[in-house]
**Student:** 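This is the structure, below, for whatever I ask next.
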Amino acid sequence: MTQSPRKENRTKPEPDDLPGPVTVLRQAREQLAELTGMTAENVSSFERTEDGWELAVEVLELARVPDTMSLLATYAVTLDPQGELTGYRRTRRYERGRADPPRAGG
């Protein structure tokens, strides 16, 4: 007797079942800090996507004295719709207090 493969009942969660932005931000900071061992200082961008959430998180990578010499980094963080971290990567590293160079034409 041949059995057909069982299909999982995978339905998209209802919007009311999903965590709100504040909850997602807290979870993302906690999860990133736990994985990297570095302090997440703030979230500089945040967006809900079809696949979950995308954030840019500023992280203290190396504390120095004076504080203006500390090294920070921006991490691109992706989360699933429930707020579980699915990936991250460093996109930028810089000294605290250093502004980005002006863009051409603006």
Side-chain angles (χ1 to χ4, degrees):
M1 179 150 89
T2 307
Q3 290 183 333
S4 60
R6 205 170 93 178
K7 291 184 179 180
E8 290 183 29
N9 185 10
R10 292 190 152 235
T11 59
K12 284 191 170 188
E14 294 295 320
D16 292 342
D17 297 338
L18 299 175
V22 173
T23 301
V24 170
L25 291 173
R26 286 186 186 131
Q27 289 176 339
R29 289 176 60 151
E30 291 171 6
Q31 292 175 73
L32 185 63
E34 186 173 336
L35 288 171
T36 63
M38 295 179 281
T39 304
E41 294 213 339
N42 64 59
V43 176
S44 57
S45 73
F46 173 77
E47 180 180 2
R48 187 184 299 235
T49 66
E50 287 184 13
D51 298 325
W53 307 87
E54 291 182 4
L55 290 76
V57 180
E58 307 300 321
V59 172
L60 176 63
E61 286 205 333
L62 180 61
R64 291 187 176 160
V65 176
D67 191 45
T68 55
M69 297 303 293
S70 293
L71 289 178
L72 298 168
T74 302
Y75 282 79
V77 178
T78 56
L79 299 105
D80 67 15
Q82 288 75 32
E84 293 297 317
L85 196 141
T86 58
Y88 69 91
R89 65 183 162 76
R90 184 172 65 192
T91 59
R92 179 175 172 237
R93 194 171 192 209
Y94 57 97
E95 289 178 338
R96 186 185 299 276
R98 295 272 178 144
D100 287 336
R103 294 182 187 183

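For this chain, numbers begin at 1 and follow the sequence in order.
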**Student:** For residues Glu84 and Gln31, determine if any side-chain heavy atom of one lies less than 4.5 Å from a side-chain heavy atom of the other.
**Tutor:** yes
**Student:** Going through the checks in order, is the side-chain contact (heavy atoms from CB on, under 4.5 Å) test met by Tyr88 and Thr36?
**Tutor:** CA-CA 10 Å; Tyr88 69 91; Thr36 63; 3.6 Å; yes
**Student:** Are Val77 and Leu85 close enough, and set up right, to give a side-chain contact (heavy atoms from CB on, under 4.5 Å), and what steps lead you there?
**Tutor:** CA-CA 7 Å; Val77 178; Leu85 196 141; 3.7 Å; yes
**Student:** Could you check if a side-chain atom of Gln82 sits within less than 4.5 angstrom of a side-chain atom of Leu18, using non-hydrogen atoms only?
**Tutor:** yes
**Student:** Tyr75 and side chain to side chain contact (heavy atoms under 4.5 Å, CB included): which partner among Glu58, Glu61, Arg92?
**Tutor:** Glu61
**Student:** Between Arg90 and Thr74, is there a side-chain heavy-atom distance shorter than 4.5 Å?
**Tutor:** no
**Student:** Which pair of heavy atoms, one from Asp80 and one from Thr86, lies closest together, and at what distance?
**Tutor:** N-CG2, 3.8 Å
**Student:** For the side chain of Thr23 and the backbone of Pro19, is there at least one donor-acceptor N/O pair under 3.5 Å apart?
**Tutor:** no
**Student:** What I'd like to find out is whether the side chain of Leu25 reaches to under 4.5 Å of the side chain of Leu55, using heavy atoms alone.
**Tutor:** yes
**Student:** If you compare all heavy atoms of Leu60 against all heavy atoms of Glu41, which two are closest, and at what distance to 0.1 Å?
**Tutor:** CB-OE2, 3.6 Å
**Student:** So, do Asp67 and Ser70 sit near enough that their side-chain heavy atoms are less than 4.5 Å apart?
**Tutor:** yes
**Student:** Hey, quick one: are Leu35 and Val43 part of the same hydrophobic cluster, counting side-chain heavy atoms closer than 4.5 Å, chains of contacts allowed?
**Tutor:** yes
**Student:** Tell me whether Trp53 contacts the main-chain N or O of Pro81 through its side chain, where contact means a donor paired with an acceptor under 3.5 Å.
**Tutor:** yes
**Student:** With sequence neighbours excluded, tell me which residues meet salt bridge (Lys or Arg N to Asp or Glu O under 4.0 Å) with Arg64.
**Tutor:** none
**Student:** Going through the distances and angles, do Leu72 and Val59 end up as a side-chain contact (heavy atoms from CB on, under 4.5 Å)?
**Tutor:** CA-CA 6 Å; Leu72 298 168; Val59 172; over 6 Å; no
**Student:** Would you call Leu71 and Glu95 a side-chain contact if the rule is heavy atoms closer than 4.5 Å?
**Tutor:** yes
**Student:** Please examine the side chains of Met69 and Arg96, heavy atoms only from C-beta on, and report whether any two atoms are closer than 4.5 Å.
**Tutor:** no
**Student:** For the residue pair Glu34 and Arg29, establish whether any side-chain heavy-atom pair is separated by less than 4.5 Å.
**Tutor:** no
